[in-house]
S.K.: 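Before we start, here is the structure in question, set down as structure tokens.
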2 protein chains.
Amino acid sequence: MPGQEVNVKAHFADTLITRIRSLGHPLCAGLDPHLGRIPPLFQQGSMAPADPATAEGVHDFFRAYLPRLQGKVAVVKPQSAFFEQLGWRGARVLSEVCAQARELGLIVVLDAKRGDIGSTAAAYAQYLAAAGAWAADALTVNPYLGTDTLAPFADAAAADDAGIFVLVKTSNPGSGDYQDRLVDGVPLYELVAGSLAPMVERLRGPQTGWSSLDVVVGATYPEQALAIRGLLPQALFLIPGYGAQGGTAADAVASFVKGPAGLEGGIVNSSRGVLFPDGSNCNDAATWEQAIDAALDRAIDELGTAVAT
Amino acid sequence: MPGQEVNVKAHFADTLITRIRSLGHPLCAGLDPHLGRIPPLFQQGSMAPADPATAEGVHDFFRAYLPRLQGKVAVVKPQSAFFEQLGWRGARVLSEVCAQARELGLIVVLDAKRGDIGSTAAAYAQYLAAAGAWAADALTVNPYLGTDTLAPFADAAAADDAGIFVLVKTSNPGSGDYQDRLVDGVPLYELVAGSLAPMVERLRGPQTGWSSLDVVVGATYPEQALAIRGLLPQALFLIPGYGAQGGTAADAVASFVKGPAGLEGGIVNSSRGVLFPDGSNCNDAATWEQAIDAALDRAIDELGTAVAT
């Protein structure tokens with residue numbers, strides 16, 4: 001109807017899984033603009049964080065990169081830290097990168113690991129608001145402050161068909177310091193996972209049964225991933241740590257289950273491996289495009305094989 | 001020397017405690033621009049998050065507010081979420097608010113509760129870089145990902161005389177969900193606090209002995225604050241939850257110890273109570289200024305009395 005805005009978005013998990021089934025692989029392209037790795041082709045100014053020109057170089061890089069992904073991957077994961085370090089100009093580039101990704105049909109999972117209490121959590125949940133200032137389809141959040149601090153994000157996801165990925169077991173070596181410690185005989189990450197179950201159930205999609213209340217579980221911990229799958233059979237897993245951090249494709253999909261088009265149950269992120277592959281650190285557009293396309297095809301092939309049944 | 005940049009900042013904790021001793025109270029003025037509470041005097045546009053005019057209204061509000069604090073309080077704590085919800089324009093206002101606060105001689109603790117792994121944590125630590133894109137003196141961080149993820153922040157604090165406040169026991173009702181759970185008979189928040197001890201020791205100031213590696217402990221949990229003080233005698237406590245959340249002045253300073261000018265050992269945050277006090281929701285500048293000044297004087301008096309010995 002003229003003059004009336006309609007929310008035409010579909011359920012987050014349904015949309016994501018349907019797209020992954022049609023592409024045949026769960027690769028998520030991480031957008032982590034390490035300043036020291038932006039190819040000479042795109043560099044502007046000194047590429048130092050405080051140089052206002054740097055953000056322009058980063059923007060040019062993604063303007064060229066995102067179209068390489070179109071039709072090939074379902075989802076991108078911008079890492080907010082690498083944009084924020086450029087000050088407000090970095091936030092502006094992040095905002096434009098999210099918008100461009102969506103225009104290209106890519107689903108945007110903003111990796112910002114936010115978390116706070118009460119009305120502050122509700123303000124962070126504005127990242128997911130359909131009529132808000134940002135264009136993100138999902139957000140990563142940190143559970144340390146308690147389940148009451150996750151509720152505003154779950155409410156926002158329910159209201160606007162968005163997704164939430166709660167940190168459960170992270171991919172770094174020190175993730176055991178607190179996450180692995182036993183509480184009543186159960187590791188903390190399992191306690192966190194178990195306490196998400198009601199929210200996971202609430203946000204299940206009508207089409208696929210997968211939930212928009214999802215979890216982050218590192219590819220470097222496949223056994224722990226299996227345990228978490230047992231607790232949360234309907235949550236999608238955002239799986240970092242594949243490739244550069246040492247997780248294999250088989251490790252990455254350890255928690256996946258049989259679906260209509262192969263193994264499914266999450267997205268496997270690769271950042272450096274597909275964003276800054278060998279041969280891409282050059283000053284020639286055609287060479288750069290070839291290096292990017294080849295790295296993407298390799299990762300897609302590897303993960304496609306891992307989920308083929 | 002000409003052509004050579006010299007870091008003229010002093011040690012974070014030494015600077016903060018010296019300033020607090022001279023003012024006689026530990027009040028930290030929280031800068032949480034709840035959109036629904038900005039007085040009509042400053043509102044612009046619809047005050048909806050996605051309206052580009054809203055950020056201008058928020059900026060005008062702080063342009064008038066920050067000078068009221070000059071010479072009265074040592075430290076301000078902008079809450080990043082309320083700026084971020086306005087998109088990149090909100091990030092620009094946050095950046096300008098931090099810079100204006102510093103120009104007025106106020107110490108800036110950016111409440112952003114960041115946390116991530118490896119090089120991503122290092123990118124977030126750029127908030128503290130003296131030559132970076134931001135103007136923050138300290139940052140709040142979340143420990144859930146492990147002590148290896150806190151190291152880049154501690155390194156940045158050491159390199160640039162900045163401060164870190166690690167979430168240990170938060171002020172919300174649900175903070176017990178994970179933080180209070182027993183690990184080997186000890187609550188998780190004590191495990192987290194204890195594991196910070198080496199970093200606290202490393203970042204102690206030459207002048208006062210207080211450390212720039214500090215912790216967040218809610219005013220609503222005075223007994224837990226005492227236990228954490230026992231584990232970290234040299235850490236400063238950032239204490240939210242005073243006032244609006246129900247913590248009294250006495251609760252707020254439960255962890256303080258005797259210093260040369262009264263009880264000391266942290267900063268006590270008040271946001272709504274001094275930012276949006278009764279009588280300030282008006283359209284008249286003189287009335288608004290009187291309401292703000294009176295609320296500030298009340299909080300300063302109350303906390304000054306609580307630390308007087």
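We use all heavy atoms of the structure for the numbers below, so side chains are in, but hydrogens, waters and symmetry mates are not.
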S.K.: Is it the side chain or the backbone of B:S119 that comes within 4.5 Å of chain A heavy atoms, both, or neither?
M.R.: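 For B:S119, the contact with chain A is made by backbone and side chain together.
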S.K.: Among A:R92, A:K169, A:H34, A:Q126, which residue has the highest count of heavy-atom pairs closer than 4.5 Å to chain B?
M.R.: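 Maximum pair count with chain B is reached by A:R92.
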S.K.: Let me see the working for A:E190 and A:L231 under side chain to side chain contact (heavy atoms under 4.5 Å, CB included), right down to the final yes or no.
M.R.: CA-CA 8 Å; A:E190 288 194 22; A:L231 294 165; 3.9 Å; yes
S.K.: Using non-hydrogen atoms only, which part of B:R89 is less than 4.5 Å away from chain A: side chain, backbone, both, or neither?
M.R.: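 Neither part.
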S.K.: What are the two closest non-hydrogen atoms of B:L139 and B:A112, and how far apart are they?
M.R.: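 Smallest interatomic distance, heavy atoms only, reads CD1-CB, 4.0 Å.
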S.K.: Does B:D160 reach the main-chain N or O of B:A162 with its side chain, forming a donor-acceptor pair under 3.5 Å?
M.R.: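 Pair absent, no side-chain N/O of B:D160 close to backbone of B:A162.
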S.K.: If I measure from the heavy atoms of chain A, does B:V192 come under 4.5 Å with its side chain, its backbone, both, or neither?
M.R.: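 The answer is both parts of B:V192.
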S.K.: Test B:R102 against B:D137 for salt bridge (Lys or Arg N to Asp or Glu O under 4.0 Å), laying out the working first.
M.R.: CA-CA 9 Å; B:R102 271 192 172 175; B:D137 298 299; 2.9 Å; yes
S.K.: Write down the atom of B:P49, the atom of B:Q85, and the distance for their closest heavy-atom approach.
M.R.: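 Result for this residue pair: CB-O, 3.5 Å.
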S.K.: Considering only heavy atoms and a distance below 4.5 Å, find which of B:R114, B:Q79, B:E96, B:K113 pairs most often with chain A.
M.R.: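 Among B:R114, B:Q79, B:E96, B:K113, the one with the most close pairs to chain A is B:R114.
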S.K.: Let me know if B:L182 has heavy atoms under 4.5 Å from chain A in its side chain, its backbone, both or neither.
M.R.: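 Backbone only.
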S.K.: Counting only non-hydrogen atoms closer than 4.5 Å, does B:I117 touch chain A with its backbone (N, CA, C, O), its side chain (CB onward), both, or neither?
M.R.: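 For B:I117, side-chain heavy atoms alone lie under 4.5 Å from chain A.
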S.K.: So what's closer than 4.5 Å to chain A heavy atoms on B:P52: side chain, backbone, both or neither?
M.R.: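 B:P52 has no heavy atom closer than 4.5 Å to chain A.
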S.K.: Taking atom types as modelled, is there a side-chain donor on A:Y189 or A:S175 under 3.5 Å from an acceptor on the other?
M.R.: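 Side-chain D/A pair, A:Y189 to A:S175: absent.
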S.K.: With chain A as the partner, which of B:G176, B:G115, B:A50 has the greatest number of non-hydrogen pairs under 4.5 Å?
M.R.: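 Top count of heavy-atom pairs under 4.5 Å with chain A: B:A50.
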S.K.: Given a strict heavy-atom distance threshold of 4.5 Å, which part of B:P240 is in contact with chain A: side chain, backbone, both, or neither?
M.R.: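 Neither the backbone nor the side chain of B:P240 comes within 4.5 Å of chain A.
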S.K.: Between A:Y127 and B:E84, is the side chain to side chain contact (heavy atoms under 4.5 Å, CB included) condition met? List the steps.
M.R.: CA-CA 8 Å; A:Y127 272 109; B:E84 289 177 53; 2.5 Å; yes
S.K.: Does B:Y242 reach the side chain of B:N269, with side-chain heavy atoms less than 4.5 Å apart?
M.R.: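 The answer is no; the side chains never approach within 4.5 Å.
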S.K.: Measure distances from A:S95 to the heavy atoms of chain B and classify the residue's part below 4.5 Å as side chain, backbone, both or neither.
M.R.: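 Interface part for A:S95: side chain.
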